[in-house]
**Student:** 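Quick one: structure below, then a few questions.
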Amino acid sequence: MSAEQPAQTGFLPIVPDDLPEGWTSRVPDEGDVDELIALVSEAKKAVDGSGAVEDELIASEAVGEASWTRRQVVVLDPTGTIKVWARVHDRAAGRSNIDLTTDPQLGAEVEDRLAPSLLSWAEDVALRITRGRGLGGTRLDVSVHEDDDRLRCLLEDYGFTRARTWLQMSRPVQEGDADLATTHAREGVVVRQVSRHEDGTPVAADLQAVYRMIEESFADHFNSYRESFPEFLARLREAPGHRWDHWWIADIEIEGQWVPGGAVAAAVLPEDASGEHGTYIDYIGVHRLARGRGVAKSLLHAVLADTAQRGRNRVSLEVDADSPTGADGLYTSMGWVTRYRTESWHRDVVAEGSDAPVPQARLDE
């Protein structure tokens, strides 16, 4: 059902071919960045009333470092205006994240006609990626804002099901936060930044420790797929807010020896409406053998103290609302509040005629 056209990168992406008369699609280029920023801003404003977006992140996904793990197309109306930006992210072996950004002025009739074509395109691309990984299938994963009823209906019509709800939480910096790491120090737990060489590059052993802590701590969490150490590093470095001095390790004492017991990977949040930056916790993980020793609180106190010392105004994170660990209760007790919710919508697809293994999430629904 799909035609092929060459991209500047040499990759031959499949593109939607069942578009309305006069409509076209192609791979985005650098000249599209400003238009894509405006498109994402308008789409966000239509859902939550705020048009604030991260320009650097959009540019990175479209044509920068983050584009390396994405297959994408823009869909143009007969006037040559970009109306849809569709991306398939090779997130991990067995998991393909799909992002669809549409012009809110598109109209239900046109959107209803475009959606099946774009979702079919995304499925075809995801299966091509998974075959390249030597697998027989993958999970399609779409994140939906709680107020985006239109996207929710489109996904449901295409066979997706809602699998999980996520709380997008934030905590303002408070008086005394700069001293939290010392005033709330826990005996037997020492939190430190990832060690760096004289030129600023991180020490490999510490990066591997962060990766191991996060991988092992999420081994029994919902929808978690293993990814290699290089994939883990490359994915987190894609974000414009990535900084090595925002990664921490919590060492714990066991029988007189200090070993890693947990870790945090964080990043810089862009300026908010007040013009101030914040900190975003991408991951916080505590090894199962270190649980119950105050490691998570110690890591959170370190991040809060660092954020306050840098003169920032908030720390944000995402947490699984349905997790049996009750992690949201910990964050609430420490001052985090839910700003909004998102949902994960899933559809599992299998490559026909393949006898390759079909991966499963480490903890499925």
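Heavy-atom basis, side chains included; hydrogens, waters and symmetry copies ignored.
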**Student:** Would you say Asp112's side chain and Glu109's backbone share a donor-acceptor pair under 3.5 angstrom?
**Tutor:** no
**Student:** For Pro260 versus Ala209, what's the shortest heavy-atom pair and its separation?
**Tutor:** CG-CB, 4.1 Å
**Student:** Return yes if some donor-acceptor pair links the side-chain N/O of Ser217 with the main-chain N/O of Met213 below 3.5 Å, else return no.
**Tutor:** yes
**Student:** Do Thr342 and Gln168 meet the criterion of a side-chain donor-acceptor pair at a distance under 3.5 Å?
**Tutor:** yes
**Student:** Less than 4.0 Å between a side-chain N and a carboxylate O, is that true for Glu216 and Arg288?
**Tutor:** no
**Student:** Would a single hydrophobic cluster contain both Val259 and Val189, if residues Ile, Leu, Val, Met, Phe, Trp and Tyr are joined by side-chain heavy-atom contacts under 4.5 Å?
**Tutor:** yes
**Student:** Donor-acceptor check, side chain of Asp77 to backbone of Thr81, threshold 3.5 angstrom: yes or no?
**Tutor:** yes
**Student:** Using atom types as modelled and distance alone, determine if a side-chain donor or acceptor of Ser117 lies under 3.5 Å from a backbone N or O of Leu114.
**Tutor:** no
**Student:** Can a donor-acceptor pair be found, under 3.5 Å and without considering hydrogens, that links the side chain of Asp322 to the backbone of Thr165?
**Tutor:** yes
**Student:** What's the verdict on salt bridge (Lys or Arg N to Asp or Glu O under 4.0 Å) for Arg26 and Asp32, showing C-alpha distance, side-chain angles and the deciding distance?
**Tutor:** CA-CA 11 Å; Arg26 58 174 172 77; Asp32 297 322; 2.7 Å; yes
**Student:** Thinking salt bridges, do Arg113 and Asp18 make one under a 4.0 Å N-O criterion?
**Tutor:** no
**Student:** Is a side-chain donor or acceptor of Gln309 paired with a backbone partner of Ala178 at a separation under 3.5 angstrom?
**Tutor:** yes
**Student:** Using atom types as modelled and distance alone, determine if a side-chain donor or acceptor of His197 lies under 3.5 Å from a backbone N or O of Asp199.
**Tutor:** no
**Student:** Just say parallel, tilted or perpendicular for the rings of His242 and Trp244, cut-offs at 30° and 60°.
**Tutor:** perpendicular
**Student:** What closest approach, in Å, do Gly94 and Leu135 show between heavy atoms, and which atom pair accounts for it?
**Tutor:** N-CD1, 3.8 Å
**Student:** Would you compute the distance between atom NE2 of His145 and atom CG of Asp148 and round it to the nearest 0.5 angstrom?
**Tutor:** 8.5 Å
**Student:** Is it the case that the side chains of Glu123 and Tyr158 hold a donor-acceptor pair, with the cut-off being a distance below 3.5 Å and no angle test?
**Tutor:** yes
**Student:** Over all heavy atoms of both residues, which pair between Ala126 and Ser96 is shortest? Give the atoms and the distance, please.
**Tutor:** CB-OG, 3.6 Å
**Student:** Donor-acceptor pair, distance only, cut-off 3.5 Å: does the side chain of Glu156 make one with the backbone of Arg162?
**Tutor:** no
**Student:** Pick out which of Leu154, Val144, Ile98 makes a side-chain contact (heavy atoms from CB on, under 4.5 Å) with Trp345.
**Tutor:** Val144
**Student:** Does Arg164 come within less than 4.0 Å of Asp320, counting only side-chain N to carboxylate O?
**Tutor:** yes
**Student:** Indicate the atoms forming the closest heavy-atom contact of Trp336 with Ser170, along with that distance.
**Tutor:** CD1-C, 3.3 Å
**Student:** Would Val268 end up clustered with Val315 when hydrophobic side chains under 4.5 Å apart are linked, directly or stepwise?
**Tutor:** no
**Student:** Before we go on, tell me: are the rings of His346 and Phe160 under 6.0 Å apart, centre to centre?
**Tutor:** no
**Student:** Does the side chain of Ser344 come under 3.5 Å of the side chain of Trp166 through a donor N or O and an acceptor N or O?
**Tutor:** yes
**Student:** Can you give the donor-acceptor pairs under 3.5 Å from side chains of residues 230-239 to other protein atoms, not counting sequence neighbours?
**Tutor:**
from, atom 1, to, atom 2, distance (Å)
Glu231, OE1, Ser228, N, 3.1
Glu231, OE1, Ser228, OG, 3.4
Glu231, OE2, Arg133, NH1, 3.2
Glu231, OE2, Arg133, NH2, 2.5
Arg235, NE, Glu227, OE1, 3.3
Arg235, NE, Glu227, OE2, 3.4
Arg235, NH1, Tyr283, OH, 3.3
Arg235, NH2, Glu227, OE2, 2.5
Arg235, NH2, Tyr283, OH, 3.0
Glu238, OE1, Arg70, NH1, 3.3
Glu238, OE2, Thr69, OG1, 2.8

**Student:** In sequence, state the C-alpha distance, the side-chain angles, and the governing distance for Arg312 and Thr279, and then conclude on side chain to side chain donor-acceptor pair (under 3.5 Å).
**Tutor:** CA-CA 8 Å; Arg312 298 175 186 165; Thr279 300; 3.0 Å; yes
**Student:** Given a cutoff of under 4.5 Å between side-chain heavy atoms of I, L, V, M, F, W and Y, with clusters grown through shared members, what are the other residues clustered with Val74?
**Tutor:** Val33, Leu36, Ile37, Leu39, Val40, Val53, Ile58, Val63, Leu76, Ile82, Trp85
**Student:** Regarding Arg314 and Asp272, does a basic nitrogen lie under 4.0 Å from an acidic carboxylate oxygen?
**Tutor:** yes
**Student:** What is the minimum heavy-atom distance between Gly51 and Ser41, and which atoms define it?
**Tutor:** O-OG, 2.7 Å
**Student:** Would Thr130 and Thr138 count as having a side-chain donor-acceptor pair, cut-off 3.5 Å?
**Tutor:** no
**Student:** Does a donor on one side chain sit under 3.5 Å from an acceptor on the other, for Asp48 and Ser50?
**Tutor:** no
**Student:** Tell me if a side-chain donor or acceptor on Ser60 pairs with a main-chain N or O of Glu56 at a distance below 3.5 Å.
**Tutor:** no
**Student:** Cut-off 3.5 Å, no hydrogens considered: what does the side-chain donor-acceptor table look like for residues 292-305, sequence neighbours left out?
**Tutor:**
from, atom 1, to, atom 2, distance (Å)
Arg293, NH2, Glu253, O, 2.9
Ser298, OG, Gly294, O, 2.8
His301, ND1, Lys297, O, 3.2

**Student:** Considering non-hydrogen atoms only, spot the tightest contact between Ala351 and Leu127 and give its length.
**Tutor:** N-CD2, 3.8 Å
**Student:** Quick one: do Arg71 and Asp90 satisfy salt bridge (Lys or Arg N to Asp or Glu O under 4.0 Å)? Show the steps, please.
**Tutor:** CA-CA 8 Å; Arg71 307 293 184 263; Asp90 183 13; over 6 Å; no
**Student:** In terms of hydrophobic clustering (I, L, V, M, F, W, Y; side-chain heavy atoms under 4.5 Å; direct or indirect links), are Trp23 and Leu119 co-clustered?
**Tutor:** yes
**Student:** Would you confirm whether Asp206, through its side chain, and Ser195, through its main-chain N or O, come within 3.5 Å as a donor-acceptor pair?
**Tutor:** yes
**Student:** Is Arg310 salt-bridged to Asp306, going by a charged N under 4.0 Å from an acidic O?
**Tutor:** yes
**Student:** Can you confirm whether the side chains of Ser316 and Arg171 place a donor and an acceptor under 3.5 Å from each other?
**Tutor:** no
**Student:** Decide salt bridge (Lys or Arg N to Asp or Glu O under 4.0 Å) for Lys45 and Glu42; before the verdict, give the C-alpha distance in whole Å, the side-chain angles of both, and the deciding distance to 0.1 Å.
**Tutor:** CA-CA 5 Å; Lys45 185 185 300 183; Glu42 288 301 313; 3.6 Å; yes
